[in-house]
Protein chains: 2
Amino acid sequence: MVAAIIEYNKDINSTKDKPIRRLLLHEEIAQRLRWLIFSGELIPEARVQEKDLCDRFNISRTPLREALKVLASEGLITLLPNRGARVTRLTSEDAEELFPVMGALEALSGELACASITDSQIAEIKAMHYQMALHHTRYERQEYFSINQKIHRKILETTGNTILASVYNSLAGRIRRVRYLANIDRARWDQAMVEHAQILAALEARDGVKLAGLLKSHLMRTLAAVKATIEVGSSEKNGF
Amino acid sequence: MVAAIIEYNKDINSTKDKPIRRLLLHEEIAQRLRWLIFSGELIPEARVQEKDLCDRFNISRTPLREALKVLASEGLITLLPNRGARVTRLTSEDAEELFPVMGALEALSGELACASITDSQIAEIKAMHYQMALHHTRYERQEYFSINQKIHRKILETTGNTILASVYNSLAGRIRRVRYLANIDRARWDQAMVEHAQILAALEARDGVKLAGLLKSHLMRTLAAVKATIEVGSSEKNGF
DNA sequence: AAGCAAAATTATGAATTCAAAATTCAATTA
DNA sequence: TAATTGAATTTTGAATTCATAATTTTGCTT
């Protein structure tokens with residue numbers, strides 16, 4: 001009995017678990033706010049009223065304001081001193097700055113992935129790719145978009161580089177809503193599928209340089225589609 | 001007189017300046033905290049006591065805590081719920097994740113810079129380069145380091161891509177202290193100067209692809225030197 | 001009725017307060 | 001004396017309060 005307790009204690013001390021962190025309220029709130037922005041419930045340029053959100057989440061202003069500061073540092077919202085916070089509107093210029101950076105990160109992602117990806121991981125992505133192709137033939141935009149995201153995220157995960165993933169995700173967050181709403185035309189969609197097939201092929205061949213180039217150019221072509229969406233959105237005054 | 005006032009008002013309204021934002025206290029505090037970390041006054045792993053900093057800055061805990069949340073989202077400090085904040089210690093693994101990302105960003109930076117850099121901007125960088133070379137021959141490490149930073153930042157600015165710059169600076173911030181303290185040996189230093197000469201040449205030739213490759217490999221070689229510093233630092237328990 | 005000015009209201013920025021958790025320290029026991 | 005328990009203190013997380021800036025409303029003037 002005593003021995004068992006001693007064993008147990010030894011185990012506690014020798015095994016270094018990562019500390020169990022009960023999450024801080026402002027982090028929970030920040031995550032929920034991100035969802036509100038991605039889902040489109042919080043509209044760009046619209047003022048974010050602290051009181052409303054406090055009531056909604058049943059919290060005081062302190063953790064909410066902390067969360068707003070974090071989102072501001074991520075570029076998702078803009079703080080106007082004494083005049084509140086508002087969801088940052090993505091301009092065409094922003095997109096033109098964001099995509100080359102995301103392109104560079106995706107290229108790196110592909111390069112690193114090729115160096116370490118396992119056969120089973122490739123098989124997984126391949127399965128996702130065909131699932132996506134199916135949605136494409138069925139004109140199922142939402143589902144296509146969802147799996148598309150998953151494939152890119154899967155490649156990112158494969159690299160095992162958490163910093164790369166977090167930086168990429170942060171940037172992608174800024175344009176997620178626009179991409180989601182992007183009403184890409186059929187021609188561009190077909191073209192995107194061709195590009196994805198090439199991407200898969202390069203990944204299977206573990207050709208890092210090739211894959212990097214494909215991902216980069218894929219992103220740059222997507223930029224054009226997104227820019228078109230932004231222009232339309234702006235002129236309709238229901239911007240992004 | 002009245003006319004003058006009207007003129008003045010018209011000017012105010014017609015010219016759309018970016019709003020003069022009296023900076024929020026937490027932003028000021030966040031910036032000062034960054035300096036404290038970069039300068040080494042705040043030691044990694046050491047607990048950051050809220051009270052001490054509040055006394056130091058003569059502010060209440062509210063804006064300080066907001067600033068801490070922002071720094072945490074930048075990765076400069078780590079928040080342990082109910083156990084305070086501490087400066088994030090850069091591990092060798094962190095460096096191995098950070099440098100490839102920074103390399104990709106620098107490569108992009110070089111590529112974009114070549115596409116738009118003016119002759120006078122090149123001349124400016126060239127002047128800085130020779131200034132740096134002088135410090136190198138004189139073994140003036142701090143000055144060399146300082147100009148080295150400036151050159152890379154100047155190339156970044158040249159691209160005009162503010163998002164690229166801010167992402168890069170955020171990542172660079174995490175390793176600035178280590179790089180600053182990095183006691184690179186003479187051989188590596190000499191090698192770095194050779195690489196810089198090549199970088200300048202590629203920039204003058206506006207050879208974006210070449211420059212991208214050079215910057216990337218330059219970063220990866222720097223990684224090795226930084227990793228060595230981290231290892232030494234850790235074993236001496238005065239880590240980074 | 002339109003335009004303007006002043007008062008009233010509301011929202012924001014930051015300090016203070018309060019409750020809960022962690023840490024310190026002293027007393028006790030083996 | 002070393003280890004452990006439990007109270008006292010400190011520190012943190014979050015709500016509340018307070019002062020000030022921004023916005024809205026009201027009432028006046030033309």
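This one's a predicted model, so the numbers in the text were calculated from it and none came from an experiment.
For the pair Leu64(A) CG and dA14(C) C1', the interatomic distance rounds to 15 Å; values are reported in whole Å. Residue Gln49(B) contributes atom CD, which lies 8 Å from atom C1' of dT10(D) at whole-angstrom precision. Atom P of nucleotide dA22(C) and atom CZ of Arg47(B) are separated by 10 Å, given to the nearest angstrom. Straight-line distance from the CD1 atom of Ile59(B) to the C1' atom of dG13(C): 12 Å, rounded to whole Å.
Among pairs with a residue in residues 150-178 of chain A, those fulfilling ring-ring contact (aromatic ring centres under 6.0 Å, His included) read His152(A)-His196(A), His152(A)-His218(A), at least two apart in sequence or across chains.
For the residue pair Thr162(B) and Glu97(A), a side-chain donor N or O sits within less than 3.5 Å of a side-chain acceptor on the partner. In this structure, a donor-acceptor pair under 3.5 Å is present between the side chains of His135(A) and Glu140(A). There is a side-chain donor-acceptor pair under 3.5 Å between Asp94(A) and Thr91(A). In summary, the side chains of Thr159(B) and Ser109(B) do not present any donor paired with an acceptor at a separation below 3.5 Å, with no hydrogens or angles considered.
In this structure, Glu66(B) reaches neither bases nor backbone, as no heavy-atom distance under 4.0 Å exists between it and the strands shown.
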Nucleotides 16-18 of chain D: which of its N/O atoms have a protein N/O under 3.5 Å away?
| residue | atom | partner | partner atom | Å |
| --- | --- | --- | --- | --- |
| dT16(D) | O4 | Thr62(A) | OG1 | 3.4 |

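Between Arg65(A) and dG13(C), a side-chain N or O to OP1/OP2 separation shorter than 4.0 Å is present.
Looking at residues two or more places apart in sequence or on another chain, you find a side chain to side chain contact (heavy atoms under 4.5 Å, CB included) between Lys150(A) and Met128(A), Ser146(A). By the side-chain hydrogen bond (donor to acceptor under 3.5 Å, both in side chains) test, Ser120(B) pairs with Thr118(B), sequence neighbours left out.
Contact check for Arg221(B) versus Arg188(B): side-chain heavy atoms found under the 4.5 Å cut-off. Side-chain contact check for Thr88(B) versus Ile37(B): every heavy-atom pair is 4.5 Å or farther apart. For the pair His26(A)/Leu79(B), a side-chain contact is recorded, criterion being any heavy-atom separation below 4.5 Å from C-beta on.
Contact detail for Ala95(A) and Pro100(A): the closest heavy-atom pair is O-CD, 4.3 Å.
Where Lys51(A) and Pro63(B) meet DNA chain C, the nucleotide closest to each residue was compared, and Lys51(A) sits on the side nearer the 5' end.
Rounded to 10 degrees, the angle separating the terminal axes of the helix from dA1(C)-dT30(D) to dA30(C)-dT1(D) is 10°, with each axis obtained from five end pairs.
Near DNA chain C, meaning a heavy atom under 4.0 Å from it, residues 28-37 of chain A has no residue at all.
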